[in-house]
Engineer: 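Let me give you the structure first, and then I'll get to my questions.
Lettering of chains follows the sequences in order, A, B, ..., and the numbering in each one begins at 1. Source: prediction; values computed, not measured.
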Amino acid sequence: MAVTRGFLGRRPSDSSRVPPGQYVTRDFPVLSAGPTPSTRLDDWDFTLRGSVESPVSWSWAEFQALPREKFTVDIHCVTKWTKLDMPWSGVSLDTLLSAVPTPASHALAFSDGGYTTNIPLADLRGGKAWIVDEYDGRPLDPEHGGPARLLVPHLYFWKSAKWIRGLNLLTEDQPGFWERYGYHNYGDPWKEQRYYGD
Amino acid sequence: MERTALLRRLTWQTGTVIATTFETPRVRTITFAVPDWHGHRAGQHLDVRLTAPDGYQTQRSYSIASGPEDDHLSITVERLDDGEVSSYLVDELRAGDELEFRGPIGGHFVWENATGGPLFLVAGGSGLVPLRSMLRHHRATSSQVPVRVLCSARSLELLIYRQELMELAASPLVDVSITLTREAPEDWAGYRGRIDSMLLSEAGWPISAEPLTYVCGPTAFVETAAAGLVSMGHDPGRIRTERFGGTGM
Ligand SMILES: Cc1cc2nc3c(=O)[nH]c(=O)nc-3n(C[C@H](O)[C@H](O)[C@H](O)COP(=O)(O)OP(=O)(O)OC[C@H]3O[C@@H](n4cnc5c(N)ncnc54)[C@H](O)[C@@H]3O)c2cc1C
């Protein structure tokens with residue numbers, strides 16, 4: 001390992017919760033490839049389509065009526081920040097996916113603004129992923145993905161698609177936006193799967 | 001999409017610092033020689049990795065400041081007061097030191113001659129870094145794409161690449177506007193104050209020109225500029241953004 005001359009560095013206070021190469025921030029930084037879209041709640045819906053008998057959609061009101069979960073997780077962004085103990089609330093993907101039988105193995109999340117990202121379906125099931133519309137007890141800010149975003153805390157944050165509008169359920173994996181630009185296909189922060197080939 | 005061209009395994013490399021130049025008292029350009037570099041596209045960034053004697057490592061992203069046609073690779077780093085990596089790079093690193101990095105990274109916030117225009121480049125503070133690489137590429141390829149540049153800086157002294165911007169503005173194809181947000185010389189003929197819709201429409205292109213816009217800087221700056229352009233009626237699909245982080249300006 002090449003030591004950098006003159007560098008001492010700061011250590012994270014709790015390294016067991018901070019993946020390699022990450023630092024802890026108190027801010028809630030923003031990463032997106034373009035401007036923040038604004039979708040009226042009247043026009044919003046969430047759709048499961050692709051390998052399903054017929055697509056299922058929830059309007060904003062229908063989505064609000066689904067059983068909710070409140071939970072606190074750590075988030076790791078590929079731009080190197082980690083934020084600990086982030087309080088969210090939303091609907092578990094187990095709840096949403098139980099509405100449609102599907103032979104799919106993967107999902108391509110799609111969002112307002114054209115963003116997409118791919119995730120194995122197994123990573124969205126079993127209490128590991130949500131569609132969240134509240135952060136810290138308040139409606140999610142547009143710049144952080146409001147009205148609703150996907151949240152998959154065990155993967156790098158770009159997998160947690162902002163401004164989500166649905167999942168395309170697929171029987172074969174298909175890379176999304178950043179994945180086509182050379183980011184890792186899966187994105188496990190604990191294995192530092194940042195870029196293609198990591 | 002040219003998937004094969006974009007997807008190449010990124011390995012850590014070591015560059016040797018050959019020069020460091022202060023752009024302002026807090027901002028330094030670091031130029032390094034790299035034995036094996038496959039080139040980059042204007043707008044891409046690098047990841048820098050620092051290692052302490054006990055093995056502790058940390059990484060940060062820095063945009064590539066040099067043009068694709070330049071002889072050496074460089075980055076320009078702004079020192080944040082309590083910044084772990086930026087204070088090292090600005091205060092401590094010196095010529096002869098070795099720096100570990102990998103890249104180039106990113107395929108969206110890039111501009112090449114073939115990407116077309118007209119171009120509108122909007123920079124807040126050190127957000128000028130990747131846009132300077134685009135401007136150098138524009139010049140090196142004698143691009144005929146018309147460019148308008150809008151830079152926001154606290155004061156004229158704190159504007160990075162001042163000299164180079166003046167030289168670029170000599171081209172009939174490149175228009176440079178500068179707004180100073182805190183302090184301006186008495187005889188200042190440029191803009192004053194933070195960017196808003198008025199300034200974006202004066203310094204930028206009319207909607208009918210269908211410009212391709214790149215906005216870069218601290219998060220709050222990028223949010224304001226991009227939202228302003230969209231609310232004026234510009235196509236969000238032709239606005240590309242790079243947020244450097246931080247919440248303030
Ligand atoms: C794609 C990309 C390209 C970038 N290119 C450049 C570049 O060309 N030049 C450059 O100087 N920086 C650039 N940055 C920012 C850079 O990666 C670091 O975030 C920055 O240098 C701060 O790191 P640090 O270790 O010094 O500060 P840290 O120790 O990480 O943070 C210190 C404090 O500053 C806050 N902070 C972190 N980043 C910023 C910021 N950008 N602005 C204001 N406050 C902040 C933190 O929340 C914290 O409170 C880029 C970031 C990205 C994601």
Engineer: Which atom pair, heavy atoms only, marks the closest approach of A/Pro35 to B/Pro236?
Structural biologist: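 Shortest heavy-atom separation between A/Pro35 and B/Pro236 comes out as CD-O, 3.7 Å.
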Engineer: Closer than 3.5 angstrom, by distance alone: can the side chain of A/Thr4 be matched with the main-chain N or O of B/Leu50 as a donor-acceptor pair?
Structural biologist: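 Pair absent, no side-chain N/O of A/Thr4 close to backbone of B/Leu50.
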Engineer: Sub-3.5 Å donor-acceptor pair from the side chain of B/Ser61 to the main-chain atoms of A/Thr79, do we have one?
Structural biologist: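 Looks like no, no N/O pair under 3.5 Å.
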Engineer: Non-hydrogen atoms of chain B under 4.5 Å away: do they reach the side chain of A/Ser32, the backbone, both or neither?
Structural biologist: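 It is both, since atoms from each part get that close.
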Engineer: Between chain A and each of B/Glu242, B/His45, B/Arg102, count heavy-atom pairs under 4.5 Å; write down the option with the most.
Structural biologist: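 Of the candidates given, the most pairs with chain A belong to B/Arg102.
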Engineer: Do A/Arg10 and B/Tyr56 meet the cation-pi criteria used here (NZ or CZ under 6.0 Å from the six-membered ring centre, within 45° of the axis)?
Structural biologist: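 Negative - A/Arg10 is either too far from the ring of B/Tyr56 or too far off its axis.
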Engineer: Does B/Glu92 come within less than 4.0 Å of A/Arg5, counting only side-chain N to carboxylate O?
Structural biologist: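 Counted as a salt bridge, because a side-chain N and a carboxylate O are separated by less than 4.0 Å.
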Engineer: Going by atom types alone, do B/Glu223 and A/Thr36 pair a side-chain donor with an acceptor below 3.5 Å?
Structural biologist: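 Yes, A/Thr36 and B/Glu223 have a side-chain donor paired with an acceptor closer than 3.5 Å.
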Engineer: Atom OH of A/Tyr181 and atom CD1 of B/Ile105: how far apart are they, to the nearest 0.5 Å?
Structural biologist: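 A/Tyr181 OH to B/Ile105 CD1: 15.5 Å, rounded to 0.5 Å.
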Engineer: Enter the distance from B/Arg243:CZ to A/Glu143:CD here, rounded to the nearest 0.5 Å.
Structural biologist: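 Answer for the CZ-CD pair, B/Arg243 versus A/Glu143, is 8.0 Å.
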Engineer: Of the backbone (N, CA, C, O) and the side chain (C-beta and beyond), which part of A/Trp81 lies under 4.5 Å from a heavy atom of chain B, both, or neither?
Structural biologist: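 Neither part.
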Engineer: So does B/Glu202 have more than 12 non-hydrogen atoms from other groups sitting under 6.0 Å from CD?
Structural biologist: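 More than 12 heavy atoms, drawn from other residues, nucleotides or ligands, come within 6.0 Å of this atom.
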Engineer: Does B/Met198 have more than 12 heavy atoms from other residues, nucleotides or ligands lying within 6.0 Å of its CE?
Structural biologist: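 No, not enclosed.
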Engineer: Quick check for you: to the nearest 0.5 Å, what is the distance between B/Thr58 atom OG1 and A/Gln22 atom CD?
Structural biologist: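 If we round to the nearest 0.5 Å, B/Thr58:OG1 and A/Gln22:CD are 8.5 Å apart.
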Engineer: Shorter than 4.5 Å, heavy atoms on both sides: which option in A/Gly9, A/Ala33, A/Gly21 has the most such pairs with chain B?
Structural biologist: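 Top option by heavy-atom pairs under 4.5 Å: A/Ala33.
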Engineer: May I ask you to test the A/Phe7-B/Leu93 pair for a side-chain heavy-atom distance under 4.5 Å?
Structural biologist: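 The answer is no, as the side chains (C-beta and beyond) never meet within the 4.5 Å cut-off.
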Engineer: Quick check for you: among B/Ile239, B/Thr11, B/Thr14, B/Val222, which has the greatest number of heavy-atom pairs under 4.5 Å with chain A?
Structural biologist: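 Option with the top pair count is B/Ile239.
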Engineer: May I ask you to test the A/Tyr23-B/Arg60 pair for a side-chain heavy-atom distance under 4.5 Å?
Structural biologist: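 The answer is yes; the side chains approach within 4.5 Å.
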Engineer: Would you say the side chain of B/Val85 lies within less than 4.5 Å of the side chain of A/Lys80, judging by non-hydrogen atoms?
Structural biologist: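 Answer no - side chains too far apart.
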Engineer: Could you state the interatomic distance from NE2 (B/His108) to CH2 (A/Trp178), rounded to the nearest 0.5 Å?
Structural biologist: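 Rounded to the nearest 0.5 Å, the NE2-CH2 separation comes to 6.0 Å.
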Engineer: Would you check if B/Tyr88 and A/Leu8 make a side-chain contact, meaning some heavy-atom pair closer than 4.5 Å?
Structural biologist: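 Sidechains of A/Leu8 and B/Tyr88: no contact.
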Engineer: Looking only at heavy atoms and a cut-off of under 4.5 Å, which of B/Glu98, B/Arg49, B/Glu100, B/Arg94 has the most pairs with chain A?
Structural biologist: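 Ranked by heavy-atom pairs under 4.5 Å with chain A, first place is B/Arg94.
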